[in-house]
Structures are given as structure tokens and as C-alpha cells.
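These notes are about the structure you will find just below.
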Amino acid sequence: MTTTYDPHHPLYLDEADVRGELTRVYDLCHGCRLCFKFCTSFPTLFDYIDRFDDQDAGRLTPAEQDQVVAECFQCKLCYVNCPYTPDLHEWALDFPRLMLRADAMRHANGHQPTKQQAATRVMARTDALGTIGSMTASLTNKAIEAREGSLVRKVMAKTTGVSATRLLPPYAKQRFSTWFKQHVAKLGRPRQGAVTVFPTCLVEYQDVQVGKDLVRVYERNGIECETTAAGCCGAPWLHSGDVKQFTKIADKNVRTLADEIRSGGRDVVVPQPTCGYVLKKDYVDYCDPARRDDARLVAEHTFDAAEYLVKVHKADDTELDTDFDGDVPDDITYHVACHLRAQNIGFKSRDLMKLTGAKVKLVQQCSGIDGMWGFRDGNEEIAVPIAKKLADQIDKAKAKAEGDVAVTGDCSLANTAIAEQTGNRPAHPISLVARAYGIDPD
């Protein structure tokens with residue numbers, strides 16, 4: 001049994017070794033139980049072990065071990081709250097990365113369910129799907145927006161692995177990169193910075209308005225924007241266990257982004273939490289060791305969209321425009337995305353929105369999405385109740401607020417889940433700030 005989260009370790013994909021490590025960690029988690037509330041992986045694990053008089057985690061079958069793995073959707077909140085992580089304790093426990101290792105082992109050994117592998121082959125090709133979806137938006141969106149459980153959606157579920165009952169984000173007719181090429185930059189104040197916008201698949205093909213608002217808010221504050229030649233971050237492949245494909249994407253993007261950072265002297269800003277986490281955390285671990293220095297360079301220069309703005313505002317010789325003469329709500333209910341919490345950067349979107357003068361209430365409940373997982377056919381039984389719990393907390397927070405209330409969230413997919421459960425789609429914090437500046441959407 002080897003405690004390793006290094007995908008290049010010779011025993012990383014060894015089944016016997018992985019199962020030994022699962023036993024060790026499952027036993028530790030069973031004894032602690034601090035993370036019982038974050039996902040169903042832990043209650044399932046505890047129920048499995050509790051049925052034994054000796055409560056021996058080593059008595060779990062491979063299928064039972066795998067069920068715990070299958071229910072993990074990589075929210076990473078258990079790691080945020082764990083007292084036994086590698087940087088804190090000799091037990092060196094990183095449950096999310098162990099789940100990634102177990103999924104990678106199952107994928108490499110052909111033990112993943114055929115349905116999951118088929119769904120990954122379709123859903124993980126985000127750039128290809130986005131390109132086609134944008135080109136055929138009128139037709140594609142009719143299928144996406146068809147009634148939940150309808151024949152159209154059932155056929156989609158059968159062919160793509162996407163749930164027939166979940167609300168899905170539609171495709172934009174114009175991609176962000178297409179808009180950006182036509183956009184005429186105009187700085188609202190002297191130059192205070194320069195960035196490369198890594199739009200992510202969601203902003204490039206679907207939530208394009210977020211990208212437009214980001215560029216305009218940045219330019220209003222004297223921050224020059226460029227786009228990148230890098231494509232999808234690869235998270236869907238990583239979270240499905242296909243380390244080989246993810247590493248291929250990581251190597252390509254690291255090379256591209258490192259070259260852009262060196263040649264342009266620009267930082268990289270990312271408006272989606274999962275993609276920002278991948279660039280900051282996962283590329284360093286998974287890319288080719290020969291590119292490790294480039295991966296560290298990318299990680300050091302990558303910022304969440306709000307994180308970068310707050311950095312500019314707090315610097316000694318730069319500051320943001322705080323003249324908000326547009327639409328400013330009295331209160332903001334802000335959903336803190338799990339993958340922002342996992343970045344350990346604080347609540348930068350909250351800090352940014354507070355500059356408008358609005359009161360900000362945090363809601364820190366997972367949406368149960370993690371990209372493909374929450375939208376995958378067959379995961380509804382677990383994912384939807386988590387989304388409902390989030391919606392309930394948002395409704396309670398709104399009920400306690402006084403005056404005009406806006407709901408915001410950084411994660412476009414989490415916002416889709418919130419819209420599914422509440423009937424109202426939250427705004428991205430950057431978009432809220434744009435409206436507060438008086439910048440109209442288009």
C-alpha cells in the first residue's frame with residue numbers, strides 16, 4: 001500500500017496498491033466522520049463499515065469500495081475541512097485525490113461502467129461540442145430546452161449520457177472569442193495591468209455574457225485584456241479517470257499559457273472556479289515532469305476573475321473605480337463555489353461586490369454538479385437533492401434580507417442548478433459589478 005497522489009508514481013495505477021490505500025483512508029475517515037455532510041460518499045462508506053461488528057474497513061468488497069468512489073463528485077470540501085491532509089498531518093490524507101487515483105485505476109484497468117465511459121467520450125469533448133453547439137445554436141437549443149423527460153431528452157440521454165431531467169445551459173450563437181475579435185478596447189483609466197482571459201468552455205460557448213462583462217469591467221479599470229490560444233482545461237477527462245487524455249491536454253495548455261505569460265508579461269484570469277483550480281493545482285501534478293517549471297509558472301500567474309481585481313484594488317499604486325452609478329441591489333445572496341473555497345484565496349467575489357455598497361450574504365452549500373457528474377444520466381438521485389438543499393439555503397437567505405435582493409454565483413453550472421430549483425438564474429459577480437457600473441448587457 002502506497003500513499004501517493006503523484007500520477008507519475010509507478011504504483012499509481014496498480015489495483016492492489018490502490019485498494020490497500022482505499023482501505024487505509026476509509027478506516028481513517030470512518031473513525032473521524034467530520035465530513036459526513038458534504039456528499040453521499042461518506043454516509044455510504046460509514047454504513048458499509050458499521051454493519052461489521054469489528055468495523056473493519058478491510059472487509060469491504062471491491063464493488064463497495066468503488067461505490068464510494070462513484071459517489072464522489074470532487075467538490076473537495078472534505079479536503080478543505082480535513083485535519084489530516086499532507087500539509088497538516090503524517091497520515092497525509094487527501095480524499096478527493098485518492099478518488100481521482102481510484103477512478104484512474106479503474107479506467108486504466110477497464111473496470112469503469114461502460115455507460116460512464118461512453119458518456120465521457122461524448123461529454124468531455126467540450127470544445128468540439130461547443131463549436132458545433134454554437135454553429136447550430138437555434139436547433140441545438142431546442143433539443144437542450146425540450147421538456148424534461150421528453151422523448152427528445154431521453155434520446156439525448158441515450159446518445160450522449162446527459163441527464164434527461166436536468167436543466168442544461170444553452171449555447172450562445174456567438175462565441176466569446178468571436179466577440180472579442182470584433183471588440184474595440186477602450187481603457188477607462190491609465191493602464192493598471194494586463195491579462196490573458198482564459199474564458200473556459202462555459203464562457204466561450206455558453207455563458208458568453210460573463211466574458212463580455214469581464215472584459216468591459218477590466219478595461220474600465222485600466223486593465224488590458226487579450227485572449228488565449230489554449231483550449232478546454234481538461235477537467236472532464238481528469239474527473240472521469242482518463243489521466244492519459246487529461247495529461248495530453250495539460251501539457252498542451254501549459255506550453256501555450258507559459259509562452260503567453262513570458263512573451264506578453266500578462267497574468268491569466270479565469271472566470272470559472274473549476275477551471276481556475278485545474279490551472280492552479282492540477283496541472284502542476286499531472287503534466288509531464290519536463291514541463292513542471294512551466295506548470296508552476298502558469299499556476300503562479302493564474303487568478304480568479306474577482307481575485308485579480310481585488311489584488312489591483314489593494315495594491316499600493318493601483319485601485320479600482322468605485323463610482324457605481326448603475327443598478328446596485330440592497331442585498332446580495334452570494335453562492336460560494338466549492339472550487340473557489342478549495343483554492344484557499346478567501347472570498348474575493350464578496351469583497352469585490354461589497355465595493356458597490358451592497359450587503360453580501362454568503363451561502364456555502366455545494367450544488368452537486370462538478371461539471372459532468374451532476375448532469376450525467378443516472379446521477380440525479382444523488383445530485384438533485386444536493387441542488388435542492390442549496391436552493392433552500394438561498395431562499396432562506398433572501399427571505400432574511402431587506403430591500404432589493406440579487407443572487408450571484410461564480411460557477412455557471414452551479415448557477416444552472418440553482419435556476420433549475422428556484423426558477424431564477426443567478427448572475428456572475430463580474431456581471432453584477434458590470435451592471436453596478438452602468439454597463440448594459442448585450
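Bear in mind that the values here come from a model prediction, so they are computed numbers and not experimental data. Excluded from the calculations below are hydrogen atoms, water molecules and symmetry mates; all remaining heavy atoms, backbone and side chain alike, are included.
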| Note, Leu22 side chain near Val18 side chain (heavy atom, < 4.5 Å) | yes

Closest non-hydrogen atoms of Leu34 and Asn81, given as atom of the first, atom of the second and distance, are CD2-O, 3.2 Å

Notebook entry, point to check: Would Phe347 and Tyr334 count as a close aromatic pair, with their ring centres under 6.0 Å?
Noted result: no

query = Does the pair Lys398/Asp331 count as a salt bridge with the N-to-O cut at 4.0 Å?
reply = no

query: Is there a side-chain contact between Phe176 and Ser134, using heavy atoms and a 4.5 Å cut-off?
result: no

*Do Phe95 and Cys35 come close enough that some side-chain heavy atom pair is under 4.5 Å?*
no

- With a 4.0 Å cut-off, would you call Asp94 and Lys281 a salt bridge? no

Discussion item. Looking at Asp294 and Arg262, is any side-chain nitrogen of the basic one under 4.0 Å from a carboxylate oxygen of the acidic one?
Written reply: yes

| field | Ion pair Arg296/Asp293, N-O distance below 4.0 Å | value | yes

Please verify the inter-ring angle class for Tyr12 with Tyr286; under 30° counts as parallel, over 60° as perpendicular, anything in between as tilted. perpendicular

Looking at Lys359, I want to see if its NZ is surrounded by more than 12 non-hydrogen atoms of other residues, nucleotides or ligands under 6.0 Å. no

Could you tell me whether the side chains of Ser163 and Glu380 share a donor-acceptor contact shorter than 3.5 Å? yes

For Arg292, the salt bridge (Lys or Arg N to Asp or Glu O under 4.0 Å) test, sequence neighbours excluded, returns none

Minimal heavy-atom distance between Ser150 and Ala146, with the atoms involved, is OG-CB, 3.7 Å

I'd like to know whether the aromatic ring centres of Phe36 and Phe46 sit less than 6.0 Å apart in this structure.
no

> Is Phe73 close to His239 at the side-chain level, that is, under 4.5 Å between some pair of heavy atoms?
Replying inline: no

Shortest non-hydrogen pair, Cys411 vs Pro273, comes out as CA-CD, 3.9 Å

Heavy-atom distance under 4.5 Å between the side chains of Thr228 and Asn253, does that happen here? no

Review point. Should the pair His89 and Tyr84 be assigned to parallel (<30°), tilted (30 to 60°) or perpendicular (>60°) ring geometry?
Key: perpendicular

Hey, are the side chains of Trp237 and Cys232 touching, using non-hydrogen atoms and a 4.5 Å cut-off? no

Student check: side-chain heavy atoms of Arg435 and Pro441 closer than 4.5 Å
yes

So, do Asp370 and His339 sit near enough that their side-chain heavy atoms are less than 4.5 Å apart? yes

Across all chains, not counting sequence neighbours, the side-chain contact (heavy atoms from CB on, under 4.5 Å) partners of Asp14 are Leu11, Ala16, Asp17

Closest non-hydrogen contact found for Val268 with Leu279 is CG1-CD2, 4.2 Å

Residue set satisfying salt bridge (Lys or Arg N to Asp or Glu O under 4.0 Å) with Arg51, at least two apart, ordered chain then number -> Glu64

Applying salt bridge (Lys or Arg N to Asp or Glu O under 4.0 Å) to Asp47 and not counting sequence neighbours gives none

**Prompt:** Is there a donor-acceptor contact under 3.5 Å from the side chain of Gln65 to the main chain of Leu60?
**Reply:** no

Next item on the list: State, without any angle test, whether Thr3 and Glu21 hold a side-chain donor-acceptor pair at a distance under 3.5 Å.
Entry: yes

- request: Using atom types as modelled and distance alone, determine if a side-chain donor or acceptor of Gln74 lies under 3.5 Å from a backbone N or O of Pro96.
  value: yes

Sorted by chain and residue number, the salt bridge (Lys or Arg N to Asp or Glu O under 4.0 Å) partners of Arg350 (sequence neighbours excluded) come out as none

Contacts satisfying side chain to side chain donor-acceptor pair (under 3.5 Å) that involve residues 297-306 (not counting sequence neighbours) are Asp267-His301

In short, Pro199 meets Pro271 closest at the heavy-atom pair O-CG, 3.7 Å

For Gly130 and Tyr171 the tightest heavy-atom approach is CA-CE2, 3.7 Å

- With the threshold set at 4.0 Å, does a side-chain nitrogen-carboxylate oxygen contact exist between Asp282 and Arg97? yes

> Which of parallel (below 30°), tilted (30 to 60°) and perpendicular (above 60°) describes Phe246 and Tyr283?
Replying inline: tilted

